Number of protein chains: 2
Amino acid sequence: MGVKPDKKVTLKDIAQALGVATSTVSNAYNRPDQLSPELRERIFETARRLGYSGPDPMARGLRRGRVGAIGVVYPDRLSYAFTDPVAPLFIQGIALEAEQAGYGLLLVGSTPQEDSTLAATASVDGFVVQCFADGDPLYQAVIGRRLPTVLVDNFSDTPGLPWVTVDDVGGARAAAEHLIALGHRRLGIASLELTRQSVGGILTLEQQAGASYGPTRARLQGYRVAVEAAGLSWGRDVVVYECPENTLEEGRRAAEVLLGQSPRPTAILAMSDQLALGVLEHAARQGTAVPTGLSVVGFDDAPIAAQTTPSLTTVRQDHVEKGRRAGQMLLALLEGREALEPVILPTRLVVRESSGPPPRS
Amino acid sequence: MGVKPDKKVTLKDIAQALGVATSTVSNAYNRPDQLSPELRERIFETARRLGYSGPDPMARGLRRGRVGAIGVVYPDRLSYAFTDPVAPLFIQGIALEAEQAGYGLLLVGSTPQEDSTLAATASVDGFVVQCFADGDPLYQAVIGRRLPTVLVDNFSDTPGLPWVTVDDVGGARAAAEHLIALGHRRLGIASLELTRQSVGGILTLEQQAGASYGPTRARLQGYRVAVEAAGLSWGRDVVVYECPENTLEEGRRAAEVLLGQSPRPTAILAMSDQLALGVLEHAARQGTAVPTGLSVVGFDDAPIAAQTTPSLTTVRQDHVEKGRRAGQMLLALLEGREALEPVILPTRLVVRESSGPPPRS
DNA sequence: CGATTCATCTGAATCGTTTCAGTAGTATAG
DNA sequence: CTATACTACTGAAACGATTCAGATGAATCG
């Protein structure tokens, strides 16, 4: 039992079996006060006997206009989503709110075949969408659904479309200021992608101007503000390397390329802890001591950042809180409450062992 | 726009606007070959103009009998699910298969209010359910749905209900044998929960016999086989401490209690890396050197296990593969292909730095 | 005792699609 | 020039529930 391919048992079947109206059976499930307890019990008994597992969610959803699921949209393939150690934290935050309100979480990513995006056909009551590049078709598909939607890590000027971001500019700026205060004068930046389908590599100033991912753009700007405030030249004293993916390997490669520049940077600013860990790994392989030979600062404060050797100096953002806020905003929309104000969450520099004064030249 | 609460635009509206049959409009979306390209284009144009976002997923799902989502069920609250670093890997595995077949992943956990479980009302085509204790009501609810279902980390004797597990017994045994071969004669075990809603603490032999979580039971058994094969006494030479939650904190507490026993264990076997990391943390705080003062062996081989200092000796299982297999099995069921055989994935001891010979007494 | 309320239960409309058996009308074959 | 086959489109019946305005009879009230 449990998996027999019986023809489907419906409300009607059990109504017929008992000689009552289907509406009565429906009431047994949805409005216990509308019928006598005995009849209700008899209905459940019959349902059990016939193997009826309760009202069909889809039919109910259609009629009620509500499914009980919120869509969480990733700009990338779903299977990549979890290579980033902070993704689960964000989801956890949404889950925290969703489960209280009785919603499930439907994860949707872009499918291998670009054309038919799942976002267009997902049965959900609303969406939380993460960090999109300008003009991403998946994003368009989501917006096209005209469902209540909350943006994360992206701004929006559309009224009624709330968003939550973090202070990327401030965080990045604090990170760069920290290194400069330690005496570093030559910096390498391991950047996240600037555009969809980027190939990576050292970026010219022009290319940097074309960043279409919000957080990447904001962090570059934050770094730059600090650099120029210190009287350094962004063009001359800083090298920006774009990593085409947010993985350890790309972090390693970034380190390799950046440290191959001359003059050699004495510190590397990474836009994620994932990349920073890759940088640490490269340094370890090369026998470069951190922080005496090289300083590294990450971004995110992933749980692992505190556990590595050396532990990672990084910019903390509260991913769980970010998820919660997004969840709260969406639920407010879904439940017809007043829309919540967009919010910018704070970031904070956490100094650990991976940053220190530059080596004396 | 995008979020205006217009009254819903339907197929019928756009059919009327063009003076064609609704079935024709439907065909425009689902069977392009059934109508002339020009009409199809006119239909899309009108749809765009009226703000029609394509066939309603729920209505379509109802009619077609397929939603395009697979339910991933956690035995616990969803927000807890992600405190374990290996959970994302498992999901990633499922996602890998699901996204290829065009399915989304609906995460459902137990809701705070025990009664109305989301599993009973989730719009999905099938379920993957993780490690349940015998008789868990959430599990009953899932089975009651009579949808195609795959069990993970649990066996099943029901035909047509495939499962995937790992060789927990073998892995645990290898871990214990490793420690014994190193010379350890007194072991502490930091166990995962044995039953739902357990409170934790040192376990008597009787209590151990009542384990209702499959993996916990299997690992205990594996440890025991190794211990007794070496001529040691399970009752006298081994202390089992049950952690009520799989968290760092509980790992620390386990270490504290286990190391407080006398005679003191010279090694701790933890049933997850998460717990093992807690043990390491406790050791570090106490100034106990690992592995010279204490050996620690984990379970799972979470990504972080290789990165800690000292790196963690552990039993490797391939969580991504576990997810993939589960996904494949479910998809086979969903697509009406022949059911795949249940599978037991291998485990393998990975020796790193956290295990060594016991201190000389 | 007639009027009201109350607790139960019923019927029919509806939710927004898909599907399938047709119907014209036009092109191809014999 | 009639039979055959397409092509392009239509109508109506599902899909499996919920909802809401009644209907029925029993109980309560003044």
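Remember, it's a predicted structure, so these values are computed and weren't measured experimentally. In what follows, chains are A, B, ... by sequence order, proteins preceding strands, each numbered from 1.
Considering only side-chain atoms of A:Val20, the nucleotide from D:dT10, D:dA17, C:dT10 that sits closest is C:dT10. Which of C:dG16, C:dT19, D:dT18 sits closest to the side chain of B:Asp56 comes down to C:dG16. Distances from the side chain of B:Arg64 to the nucleotides C:dT18, C:dT10, D:dT18 place C:dT18 closest. Here the nucleotide nearest the side chain of B:Leu62, chosen from D:dT10, D:dG16, C:dT10, is D:dG16. Of the candidate nucleotides C:dT10, D:dA17, C:dG16, C:dT10 has the atom nearest to the side chain of A:Ala21. Comparing atom distances between the A:Lys8 side chain and each of C:dT10, C:dT17, D:dG16 picks out D:dG16 as nearest. Set against D:dC9, C:dT18, D:dA17, the side chain of B:Gln34 has D:dC9 as its closest nucleotide.
No engagement by B:Arg66 is indicated, since no non-hydrogen atom pair under 4.0 Å with the nucleic acid exists. Within 4.0 Å (heavy atoms only), B:Leu35 reaches sugar-phosphate atoms of the nucleic acid but no base atom. Nucleic acid contact for B:Arg31: sugar-phosphate only, since backbone atoms but no base atoms lie under 4.0 Å from a heavy atom of the residue. Backbone-only contact: B:Ser36 has heavy atoms under 4.0 Å from sugar-phosphate atoms and none from a base. Using a 4.0 Å heavy-atom criterion, one finds that A:Thr10 contacts the sugar-phosphate atoms exclusively. Within the 4.0 angstrom heavy-atom criterion, base atoms lie near B:Thr24.
Rounding to whole angstrom units, CZ of residue A:Arg145 and P of C:dG16 are separated by 14 Å. In this structure, the CG atom of B:Asn30 is 12 Å from the P atom of C:dC20, given to the nearest Å. What separates CZ of A:Arg42 from P of C:dT8 is a distance of 14 Å, to the nearest Å. Distance CE (B:Met58) to P (C:dT18): 14 Å, rounded to an integer number of Å. Straight-line distance from the CD atom of B:Gln16 to the P atom of C:dG16: 13 Å, rounded to whole Å. The distance between atom CG of B:Asp33 and atom P of C:dC20, rounded to the nearest whole Å, is 14 Å. A straight line from CG of A:Leu11 to P of C:dG11 spans 15 Å, rounded to a whole angstrom. At whole-Å resolution of the value, CG in B:Leu18 and P in D:dT10 are 10 Å apart.
Look at B:Ser23 and you won't find any side-chain N or O under 4.0 angstrom from OP1 or OP2 of D:dT10. Put simply, A:Tyr29 has no side-chain N or O that comes within less than 4.0 Å of OP1 or OP2 on D:dT19.
The neighbour count for B:Glu338 CD, taken as heavy atoms of other residues, nucleotides or ligands under 6.0 Å away, does not exceed 12.
With ring centers used as reference points, B:Tyr29 lies under 6.0 Å from B:Phe44.
As the counterpart of D:dG30, C:dC1 is assigned, both hydrogen-bonding distances of the Watson-Crick or G-U wobble pattern falling under 3.5 Å.
Donor-acceptor pairing under 3.5 Å, judged by distance alone, is present between the side chain of B:Arg63 and the base of D:dA14.
A salt bridge links B:Glu321 with B:Arg325: at least one charged nitrogen is closer than 4.0 Å to a carboxylate oxygen.
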May I have the step-by-step check of salt bridge (Lys or Arg N to Asp or Glu O under 4.0 Å) for B:Glu41 and B:Arg48, ending in yes or no? CA-CA 11 Å; B:Glu41 197 36 63; B:Arg48 226 170 294 130; 3.7 Å; yes
Go through it in stages, so that I can follow the logic: the residues are A:Glu99 and A:Arg324, the test is salt bridge (Lys or Arg N to Asp or Glu O under 4.0 Å), and I'd like the CA-CA distance, side-chain angles, deciding distance and then a yes or no. CA-CA 11 Å; A:Glu99 69 189 359; A:Arg324 292 193 77 138; over 6 Å; no
Where do B:Lys8 and B:Asp13 land on the salt bridge (Lys or Arg N to Asp or Glu O under 4.0 Å) test, with the steps shown first? CA-CA 9 Å; B:Lys8 180 136 195 166; B:Asp13 294 324; over 6 Å; no
